[in-house]
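What follows is one structure encoded as C-alpha cells, with my remarks underneath.
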Amino acid sequence: MYTSYHYVILVLAPAGSAGDAFCSGRLPALDRSDNRFLRCSEERDGSMSFGHAQDVILEVVYTEPVDLSLGTVQKISGQHLRSQSTVNAKKDPSCKICNISVGR
C-alpha cells in the first residue's frame, strides 16, 4: 500500500483440507525460517510462539472452524490501529518487499 505499513493476509488451512487444495498454487506457502513479516519459534517447553513485524497490518483467515478446546486463548500484545483502514487502499506496484508471485 502507499503507506508506511504493509498489509499481510495470513491464510491458515489444515493440510489436506479443501482450503489447502484451494490455496495450493494460488498462494505461496509461509517460509517460517525466512519471513520479514511473521515469525514462528518453538519455546523450550515445546509450545509455539508467533509474532509479526511492527510495520504490518495483519489479517488472519482460517479456512476451517477452529476448535478452541484444543489449546489456550491468550491476550495478544501489540497495538490495535482501528483508524488504519485498508478500504480503498492502493497497492504500490514498485514495492520489492510485498509484491509476491507464485508463478501465475
Side-chain angles (χ1 to χ4, degrees):
M1 299 184 328
Y2 289 102
T3 69
S4 60
Y5 287 85
H6 286 90
Y7 182 58
V8 175
I9 301 172
L10 177 62
V11 179
L12 299 174
S17 69
D20 184 38
F22 179 82
C23 292
S24 293
R26 290 182 173 89
L27 299 173
L30 180 65
D31 184 348
R32 288 194 235 175
S33 63
D34 183 25
N35 190 300
R36 67 184 331 133
F37 299 121
L38 306 169
R39 71 165 175 77
C40 173
S41 56
E42 187 172 348
E43 302 298 323
R44 289 183 182 177
D45 65 359
S47 66
M48 301 300 285
S49 177
F50 302 92
H52 63 82
Q54 291 182 350
D55 60 347
V56 167
I57 298 171
L58 177 63
E59 180 177 348
V60 180
V61 177
Y62 298 91
T63 63
E64 308 290 325
V66 177
D67 186 351
L68 298 178
S69 69
L70 296 175
T72 59
V73 178
Q74 297 178 352
K75 184 176 180 177
I76 298 172
S77 63
Q79 184 177 17
H80 298 272
L81 301 173
R82 295 187 191 277
S83 64
Q84 191 73 16
S85 174
T86 58
V87 174
N88 298 321
K90 302 287 188 253
K91 184 176 178 181
D92 183 352
S94 66
C95 184
K96 301 294 186 221
I97 298 170
C98 60
N99 286 327
I100 59 174
S101 173
V102 290
R104 289 183 284 165

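- In terms of heavy atoms, Ser17 sits closest to Pro14 at OG-O, 2.7 Å.
- Proximity of Thr63 to Val11: side-chain heavy atoms (C-beta onward) are separated by under 4.5 Å at one or more points.
- When all heavy atoms of Ala13 and Gly19 are compared, the closest pair comes out as CB-C, 3.7 Å.
- Phe50 and Val61 fall into different hydrophobic clusters, where Ile, Leu, Val, Met, Phe, Trp and Tyr are joined by side-chain heavy atoms under 4.5 Å apart, directly or via other members.
- Two different hydrophobic clusters hold Met48 and Leu68 under the rule that ILVMFWY side chains link at heavy-atom gaps under 4.5 Å.
- Following chains of ILVMFWY side-chain contacts shorter than 4.5 Å, one cannot reach Leu27 starting from Phe22, and the two form parts of different hydrophobic clusters.
- Closest non-hydrogen pair, Ala18 versus Glu64, comes out as N-OE2, 4.2 Å.
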